[in-house]
Amino acid sequence: MNANLNGLPDEATLARLASELFAALPAEPASPDGQPRRTVPVPESATRAPAGPPETVAWPGWDLVAPPAVLPAAPQGAVADPYAPARTPEFYFIGPLAQRGAAVPATQERSHAPLDVDAIRRDFPILAERVNGHRLVWLDNAATTHKPRQVIDRLARFYAHENSNIHRASHELATRATNAYEDARAVAARFLGAPSSDDIVFVRGATEAINLVAQSWGRAHVGAGDEIVISYLEHHANIVPWQLLAEERGATLRVIPVDDSGQILLDEYRRLLTARTRLVAVAHVSNALGTIVPVREVVEAAHDAGACVLIDGAQAVSHMPVDVQALDPDFYVFSGHKVFGPTGVGALYGKPDVLDSMPPWQGGGNMIRDVTFERTVYQPPPTRFEAGTASIADAVGLATALAYVERIGRTNIAAYEQELLAYATQELAAVPGLRLVGTAPDKASILSFVLDGYRPEDVASALNEEGIAVRAGHHCAQPILRHYGVASTVRAALAIYNTHAEIDQLATALHRLAGQRTP
């Protein structure tokens with residue numbers, strides 16, 4: 001192969017390879033004028049018009065109509081794709097387009113393999129940073145995780161070689177960008193065990209996903225006198241949207257109590273469920289305490305009562321395997337930056353029939369099929385909920401992060417982090433005057449604590465002087481901290497790149513603070 005000085009193929013070679021690639025594509029049907037054309041199959045349900053008069057769209061229960069013939073036809077995917085489509089998006093391109101909508105193959109993750117933590121740490125360049133003369137010890141993982149070199153490089157490669165807006169465009173970079181974006185959707189579906197990539201809506205994060213469900217599903221399905229059930233463990237992002245919805249719709253918010261260890265009381269929860277319960281929204285893992293909620297039991301009881309369920313998985317997906325088909329929630333949400341991905345991107349999983357019942361949340365480009373001044377006809381899910389320009393590069397980076405976690409193996413990660421948690425719990429419990437807040441027997445690797453004689457903010461500041469990063473404050477979970485009689489705690493949250501030696505550094509620093517305490 002001929003190459004230029006940068007080691008890349010020269011233009012003649014690239015032209016030949018492109019010619020060979022397109023020559024290998026299957027022939028397309030000809031139009032009446034003899035020119036190749038691409039067509040889009042329209043489902044039978046798409047021939048029914050929306051309910052209500054032409055100038056309105058009734059919710060729920062309308063079906064999409066077929067697009068007008070004047071809209072550009074979309075391509076059938078021409079390349080072999082592991083996520084082959086059940087339907088084709090209505091976008092046009094000059095080359096093969098990644099497809100959505102079919103069954104997603106199960107992920108193949110490593111299991112029962114020893115982790116090479118030193119090798120993992122080398123993947124995270126920021127861990128070599130020095131803070132106040134000390135090598136960084138990052139224990140603020142519940143707030144955000146760091147990014148492996150693979151994610152950083154993937155973002156750079158996207159902007160260097162694929163940068164374009166996605167979907168409607170007839171040029172090569174749009175094809176590349178759309179392929180990367182839709183492939184990322186399929187990776188997110190695989191990561192959650194979703195049956196189809198059409199079940200995944202990209203959002204800015206778990207907070208936006210919860211607000212989307214509240215404002216779209218909630219407004220269509222929650223009315224006066226209905227009830228929404230949450231728990232004492234929730235992050236504010238899984239409290240405030242439901243409060244707003246309840247105030248707007250005249251609904252009632254009910255709260256699941258917890259025991260002294262920080263675990264929800266399942267019997268009390270079941271007693272809260274009534275015929276008026278429309279939704280149950282709970283965290284998979286408490287961000288303030290680390291409590292792992294028995295979400296399968298929560299889901300089963302809610303479904304028995306006829307309610308839908310949303311699970312906030314922001315603190316779960318980086319610590320343990322998640323299979324939405326086994327857990328069976330109606331919605332599952334998470335944020336990319338909590339699972340070694342970029343900020344500003346996350347995913348909402350929704351069951352197909354539930355997503356189909358939901359009106360658009362925001363209006364704009366991409367989420368429409370046809371617009372007139374009388375009415376707008378919308379795309380099916382997930383595109384219906386992705387108005388405007390998406391966070392394209394960040395979605396691609398998120399897919400790289402999820403694949404990175406899959407390669408390590410979430411079972412392996414869970415085992416290693418549980419070992420770290422047990423060790424850290426033992427070491428911190430030995431610090432005089434330190435009290436752990438939240439001691440549920442089933443926990444993820446989060447330790448919340450207070451130290452006699454110190455404000456949590458003072459502890460965090462002192463640890464920072466030694467290069468140890470922890471979080472101090474209410475962790476956007478004020479109700480559960482007040483349940484324990486505190487306004488704030490210090491939180492040390494462990495991840496796959498943390499070590500026993502770092503826990504020793506934390507414990508040593510805390511012992512030093514305890515010894516300096518004024519009687």
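For clarity, every value in this text was computed on a predicted model and none was experimentally measured.
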- SB check Glu162 Arg154 (cutoff 4.0 Å): yes
Does [X] reach the side chain of [Y], with side-chain heavy atoms less than 4.5 Å apart?
X	Y	answer
Asp328	Lys351	yes
Tyr332	His284	yes
Leu192	Gln325	no
Val285	Met320	yes
Met367	Trp361	no
Pro382	Asp199	no
Thr178	Tyr181	no
Tyr269	Val280	yes

- Is atom CZ of Arg204 surrounded by more than 12 heavy atoms (other residues, nucleotides or ligands) closer than 6.0 Å? no
Kindly give the heavy-atom pair with the smallest separation between [X] and [Y], and that separation in Å.
X	Y	answer
Ser357	His221	OG-CE1, 3.3 Å
Leu273	Ala305	CB-CB, 4.0 Å
Ser197	Ala189	CA-CB, 3.8 Å
Ala314	Ala206	CB-CB, 4.2 Å
Ala142	Ile446	CB-CD1, 4.2 Å

- Task: Using salt bridge (charged side-chain N to carboxylate O under 4.0 Å, His left out) as the criterion, list what pairs up with Glu300, not counting sequence neighbours.
- Result: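 Glu300 satisfies salt bridge (charged side-chain N to carboxylate O under 4.0 Å, His left out) with Arg296 once adjacent residues are dropped.
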- Could I get the full list of salt bridge (charged side-chain N to carboxylate O under 4.0 Å, His left out) partners for Arg271, not counting sequence neighbours? Glu268
Between atom [atom1] of [X] and atom [atom2] of [Y], what is the distance when rounded to the nearest 0.5 Å?
X	Y	atom1	atom2	result
Leu233	Ile239	CG	CD1	9.5 Å
Asn287	Glu234	CG	CD	9.0 Å
Trp242	Leu279	CH2	CG	4.5 Å
Thr343	Asp394	OG1	CG	6.0 Å
Leu272	Ile256	CG	CD1	6.5 Å
Asn165	His171	CG	NE2	8.5 Å

- Query: Given Arg219 and Leu245, is the side chain to side chain contact (heavy atoms under 4.5 Å, CB included) satisfied, shown in steps?
  - Reply: CA-CA 7 Å; Arg219 284 176 169 172; Leu245 178 65; 4.2 Å; yes
In terms of the angle between their ring planes, are [X] and [Y] parallel, tilted or perpendicular, with boundaries placed at 30° and 60°?
X	Y	result
Tyr404	Phe124	perpendicular
Tyr232	His483	tilted
His236	His474	tilted

- Task: Evaluate the criterion side chain to side chain contact (heavy atoms under 4.5 Å, CB included) for residue pair Val322 and Tyr349; output intermediate values, then yes/no.
- Result: CA-CA 12 Å; Val322 173; Tyr349 158 80; over 6 Å; no
Please check: side-chain N/O of [X] versus main-chain N/O of [Y], any donor-acceptor pairing under 3.5 Å?
X	Y	value
Arg176	Ser164	no
Arg278	Ala275	yes
Lys147	Gly341	yes
Asn141	Ala493	yes
Ser286	Leu289	yes
Thr400	Val396	yes
Ser216	Pro359	yes
Thr291	Gly262	yes
Thr372	Glu374	yes
Arg249	Gly218	no

- Query: What residue among Val203, Leu355, Leu348 forms side-chain contact (heavy atoms from CB on, under 4.5 Å) with Phe385?
  - Reply: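 It is Leu355, the one option of Val203, Leu355, Leu348 that forms the side-chain contact (heavy atoms from CB on, under 4.5 Å) with Phe385.
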Between [X] and [Y]: side-chain donor-acceptor atoms closer than 3.5 Å:
X	Y	answer
His167	Asn366	yes
Glu386	Thr383	no
Asp123	Tyr497	no

- Task: Go through Val309 and Phe331 one step at a time and tell me if the side chain to side chain contact (heavy atoms under 4.5 Å, CB included) criterion holds.
- Result: CA-CA 6 Å; Val309 183; Phe331 304 103; over 6 Å; no
- Residue pair Val282, Ile311: steps toward the side chain to side chain contact (heavy atoms under 4.5 Å, CB included) verdict: CA-CA 5 Å; Val282 297; Ile311 303 298; 3.6 Å; yes
